[in-house]
Amino acid sequence: MAKSKAPAAKAAAKDNGAAPKAAAQPAPNGDNKPIRNLYLVDGSGYLFRAYHALPPMNRPDGVPINAVFGFCRMLVADLLDKPEVDHIAMILDAGEVTFRNEIYDKYKANRPPPPEDLIPQFPLIREAARAFNVTVCELKGYEADDLIATYARMAVEAGATCTIVSSDKDLMQLVRPGVELMDPIKKTKLGPEAVMEKFGVTPDKVVDVQALAGDSTDNVPGVPGIGVKTAAQLINEYGDLETLLSRAGEIKQPKRREALQQNAELARISRKLVTLRDDVPTPADPDSFDKRKPDPNVLLPWLEQQGFKSLLARYTGELGEATAPVAPAAPAAKPTLPASEPKATPAAPRPKSNQPFTAADYELITDEKALDEWIAEATKAGTVAFDCETDALDAQNSGLVGVSLALLDGPWGNVNSTKRRAAYVPLGHRTPAGEAQGALDLTGDGGAKDAGSLLPGQIPLKNAIAKLKPLLEDPTVLKVGQNIKYDMCVFRQLGIEVSPVDDTMLLSFVLDAGKHNHGMDDLAKLYLGHDTIKFSDVAGSGAKQVSFDKVPIDKARDYAAEDADVTMQLWAQFKPRLAHEHMVGVYETIERPLIPVLLSMEQAGIKVDAPQLRKLSSEFEKRMLELEQELHKLAGRPFNVGSPKQLGEILFDEQKLPGGRRNKNGSWATDVSILEDLAAQGHALPVKIMEHRQIAKLKGTYTDALVRELDAKTGRVHTSYQMTGAATGRLASTDPNLQNIPVRTEEGRKIRQAFIAEAGHKLLSADYSQIELRLLAHVADIASLKEAFARGDDIHAITASEMFGVPVKGMDPLVRRRAKAINFGIIYGISAFGLANQLGIGQPEARDYIAKYFQRYPGIRDYMERTKDYARKNGFVKTPFGRKIHLKYINEKAQGMRAFAERAAINAPLQGGAADIIKKAMIKLPAALTSAKLKGRMLLQVHDELLFEVPDKEIDKTKEVARKVMEGAATLSVPLVVETGVGDNWAAAH
DNA sequence: TTCCATGCTTA
DNA sequence: GTAAGCATGGAAC
């Protein structure tokens with residue numbers, strides 16, 4: 001089996017972070033700077049947007065001006081002031097009638113007229129562009145969108161990026177690597193993921209969806225009865241519109257099938273209407289769109305006429321007074337380009353690089369000479385993407401089957417001018433089990449991992465490793481991987497320490513946490529518009545699945561080389577964004593250095609007392625059988641005790657117990673809160689069910705699973721940490737999850753007792769005390785809480801005392817408990833509903849408590865409001881250490897979704913900040929222990945706790961080092977406090 | 001065989 | 001009320 005193409009992100013410039021290539025079309029006069037980033041402003045689209053977003057405003061002479069003002073403000077702040085904007089133009093519609101009216105005369109026929117006070121602003125936006133010396137383009141017979149499409153294509157072909165300043169959904173079809181939309185009001189960049197959200201398909205399929213769904217505002221007919229959702233589903237299923245129409249007969253739903261069959265032609269016409277032309281004659285070369293300084297003689301009088309005082313003051317300071325009186329609307333240095341008689345620029349043929357992923361181009365390296373040449377190229381290039389294929393999912397325990405490599409933009413020049421190369425080095429491919437030996441597989445294990453014999457045409461593993469080692473360890477060559485922790489693990493076992501590295505999965509995570517997942521398949525789809533070959537396509541699925549060493553070499557080449565190829569291309573998109581989006585610090589000081597630390601922890605594993613777990617398991621089993629008998633008796637008939645559905649039917653349909661509540665799909669809910677209510681009424685059955693569930697959980701999820709996960713080689717359990725699993729920056733632990741080992745109940749703690757220290761060692765647990773509340777006190781800057789933490793007081797008691805005006809001394813435990821629940825509630829983005837649930841009180845009472853809390857701590861309410869505002873405006877929140885967490889639904893229309901996003905926004909800086917702190921500590925700890933000459937090692941992380949395995953004699957010293965490093969991991973306006981415990985097992989240490 | 005809902009464990 | 005992973009049953013395929 002190969003590694004999973006692990007988790008999820010967005011895109012821009014190509015090549016390895018260096019400047020993009022110069023424009024393809026030489027400028028007419030040859031003295032313009034090359035285009036790097038072309039910004040195209042959709043003028044009328046913007047005007048509409050600004051008109052509705054801004055309150056009415058008037059010029060001194062009474063002319064309405066709000067949309068123009070919005071335009072100017074945006075133009076200056078988001079485009080003219082931004083150094084990355086080097087070329088810019090505003091595109092306008094030239095007239096009402098376009099070629100689309102020839103296709104369909106009713107096109108845009110029922111557009112309502114624009115609002116009255118917007119009409120006079122249309123000419124003013126032209127004036128504004130001229131005043132700021134921004135080129136205006138328009139073309140008779142075509143829409144602005146067609147010009148935008150054409151210029152976007154030209155920009156990409158010239159190796160530049162193009163940002164379309166518009167949020168018009170019709171332009172979403174243009175999104176691709178190098179082309180993105182920017183919402184001029186929200187200031188958010190809209191990439192492929194936004195398109196996916198809006199249309200449910202990748203940008204290249206938007207027109208197919210629009211053709212089916214139609215558009216009432218533009219009077220695009222579409223197919224009746226089909227909306228965007230259905231259209232997306234159909235297109236995703238059939239691939240494209242034509243295929244769908246030709247196979248419409250296969251559709252099961254009769255209504256849908258008939259609609260498609262009867263309206264096929266309408267759909268085709270619709271597609272023509274919505275497809276933007278990217279080959280229209282261009283009125284000007286994009287090179288002439290270079291950003292220029294405004295002419296003070298034009299700009300200043302115009303600003304004065306509009307009454308834009310702050311802009312006037314600013315530009316007077318910058319450009320000096322106007323030197324000559326000029327009529328306000330005089331043409332600027334570069335006049336608007338004529339709309340008539342455009343010079344014809346036929347569309348250039350698409351370069352080969354726009355047709356990526358032709359597997360035929362991937363090379364297969366079968367001899368050592370070819371491998372030497374590749375390694376030399378990679379060394380010269382300085383950046384290489386690589387990927388391991390192995391015979392098992394578990395990196396700890398798998399054999400290397402092959403390595404793929406990819407390069408970008410190297411000096412070779414022999415591969416179809418694509419400037420991309422990828423190759424696969426097969427090393428351990430074998431014949432299917434037994435075939436060569438003529439033996440039968442009688443082991444009954446499906447042939448997993450049985451030997452087979454090595455196929456010919458492969459470099460001996462040892463030789464390949466010897467050749468790859470210098471490259472992978474070369475400090476001057478950057479190795480790029482997707483989820484590179486996996487590959488580093490594989491190579492570490494072969495004696496190679498891969499360094500230095502970049503990880504596209506982590507890059508995606510620091511850039512776009514919260515927007516989407518960061519697995520390779522998702523990223524390839526999102527950023528490259530490409531469906532990667534699935535593992536199941538080459539290795540089969542289900543019982544027939546084979547491990548990767550049994551995959552034929554040619555199939556393996558296509559699959560594996562693609563992984564490296566995609567990784568390289570993703571890296572080229574992500575890496576330049578890092579600095580641009582201010583994420584270098586988080587990536588380079590928190591995430592990337594954590595990789596080797598986690599790898600060591602995973603490799604260390606933790607010892608478990610397997611006999612003890614087995615004993616527990618059989619005890620649990622015995623008790624479960626007893627309970628089942630009793631339950632069947634109580635129910636009056638046998639039933640599956642583990643089935644919530646059957647249980648619900650017995651409780652509420654047959655026994656007609658009161659207090660039944662239904663789940664959203666109509667079945668009876670049977671969770672603990674329901675069962676507890678019933679138990680409180682004196683019913684026996686629910687009590688037994690609760691006990692059964694607890695034991696079943698412990699047995700199924702813990703005792704049995706942990707024994708199963710025992711590594712035969714080490715006798716220990718090795719978890720896998722997922723660095724991109726939680727958007728807040730927390731780690732996630734899988735296979736097995738060691739971050740949710742029971743601790744609350746006595747029975748549960750028996751599981752924890754089975755986690756033990758090696759002979760001659762103890763387990764040391766060190767956990768941060770109240771770290772999220774401390775962060776809250778810090779970020780919200782609450783003096784009394786900060787003082788309480790500085791004094792080392794009981795924070796929940798202090799909260800209770802300040803809220804209810806009772807002394808801490810002799811406090812009723814119930815009062816403290818309420819304050820504690822509120823403190824936690826605050827961290828989770830409190831609601832009366834949630835607090836009421838937690839405390840078992842009514843919502844009005846809970847509301848009361850919250851009001852009281854905010855009355856005492858108005859600063860916390862301010863912080864919460866500030867955070868929500870910030871999230872609404874930016875689409876993300878930040879931890880105190882700069883980590884961004886995006887909130888997809890923060891501006892969602894639906895109240896429930898939005899409220900959820902708001903609570904997440906409040907929680908994320910605290911939870912994420914705590915994650916940052918413990919990560920910083922973890923990065924420092926290995927070196928701190930080594931330099932103190934201590935042999936203890938870090939085994940596990942559980943969000944605010946670190947667990948170490950320490951030689952008996954080093955306990956005290958290790959405790960102090962751990963405490964010091966953890967408490968010093970960050971300097972806040974409150975102290976960080978770490979509590980420690982030591983024991984032979986985890987329950988005793990915790 | 002694959003996917004979803006339910007329920008339960010942790011910080 | 002935040003953030004996760006996993007087992008199970010049962011429907012969908």
Side-chain angles (χ1 to χ4, degrees), chain A residues 513-514 536 540-545 639-648 662-675 689-690 692-706 708-709 719-722 724-745 747-749 751-752 767-768 770-772 776 821-839 843 846 850 864 877 885 887 896 899-912 914-915 918 940-945 990:
Chain A
S536 55
S541 70
K544 283 185 221 148
Q545 189 164 74
F639 72 106
N640 185 343
V641 180
S643 164
K645 186 169 171 280
Q646 295 180 29
L647 175 66
R662 290 188 184 272
N663 281 321
K664 54 174 170 274
N665 56 16
S667 59
W668 292 109
T670 64
D671 58 84
V672 264
S673 67
I674 298 271
L675 297 181
I689 285 285
M690 285 191 287
H692 185 274
R693 279 203 184 151
Q694 190 199 2
I695 296 170
K697 175 80 178 176
L698 293 174
K699 181 173 186 293
T701 308
Y702 300 107
T703 53
D704 292 357
L706 285 170
R708 235 188 352 259
E709 294 279 355
T719 186
S720 168
Y721 287 106
Q722 189 66 47
T724 61
T728 53
R730 270 195 183 177
L731 298 176
S733 158
T734 62
D735 309 297
N737 179 359
L738 296 185
Q739 291 182 322
N740 70 346
I741 302 302
V743 69
R744 289 194 224 275
T745 66
E747 288 293 287
R749 274 194 293 275
I751 309 272
R752 208 168 260 243
D767 69 286
Y768 284 105
Q770 308 287 8
I771 189 165
E772 290 179 3
L776 176 67
I822 292 173
N823 276 334
F824 273 95
I826 293 292
I827 291 168
Y828 297 154
I830 202 151
S831 74
F833 177 84
L835 185 64
N837 264 346
Q838 178 65 35
L839 287 175
Q843 279 195 50
I850 295 170
M864 292 170 75
V877 292
I885 297 104
L887 289 310
F900 183 78
E902 287 172 356
R903 291 194 294 271
I906 290 164
N907 173 260
L910 308 174
Q911 188 184 119
I918 197 167
L940 301 178
Q941 188 250 43
V942 192
H943 308 311
D944 64 1
E945 173 189 6
H990 185 75

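Throughout, protein chains are lettered first and strands after them, A, B, ... in sequence-line order, and every chain is numbered starting at 1.
No engagement by A/A832 is indicated, since no non-hydrogen atom pair under 4.0 Å with the nucleic acid exists. Using a 4.0 Å heavy-atom distance criterion, A/A821 is classed as a base contact. Contact annotation for A/R662: no contact, since no heavy-atom pair falls under 4.0 Å across all strands. Note on A/N665: only backbone sugar-phosphate atoms sit closer than 4.0 angstrom, heavy atoms only; bases stay farther off.
Between A/H692 atom NE2 and B/dG7 atom C1' there is a gap of 14 Å when expressed in whole angstrom units. Across the protein-nucleic acid pair, A/W668 atom CH2 and B/dT6 atom P stand 14 Å apart, rounded to whole Å. Rounded to whole Å, the distance from CD1 on A/I674 to P on B/dC8 is 11 Å. Rounding to whole angstrom units, CG of residue A/D704 and P of B/dT9 are separated by 16 Å.
Distances shorter than 4.0 Å separate some side-chain N or O of A/R693 from OP1 or OP2 on B/dC8.
Side-chain atoms of A/Q739 stay outside donor-acceptor range of the base of B/dT10, with no qualifying N/O pair under 3.5 Å.
When each of A/I771, A/I827, A/T728, A/I826 is paired with A/L910, the side-chain contact (heavy atoms from CB on, under 4.5 Å) condition holds for A/I827 and for no other.
Applying the side-chain hydrogen bond (donor to acceptor under 3.5 Å, both in side chains) criterion to A/K699, with sequence neighbours excluded, gives A/D704. Partners of A/S536 under the side chain to side chain contact (heavy atoms under 4.5 Å, CB included) rule, at least two apart in sequence or in another chain, are A/K534, A/S541.
Between A/D735 and A/T719, the closest side-chain pair of non-hydrogen atoms is not below 4.5 Å.
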> Can you give one letter per nucleotide of nucleotides 8-13 of chain C, going 5' to 3': B for a protein heavy atom under 4.0 Å from the base, S for sugar-phosphate only, - for none?
Replying inline: -SSS--
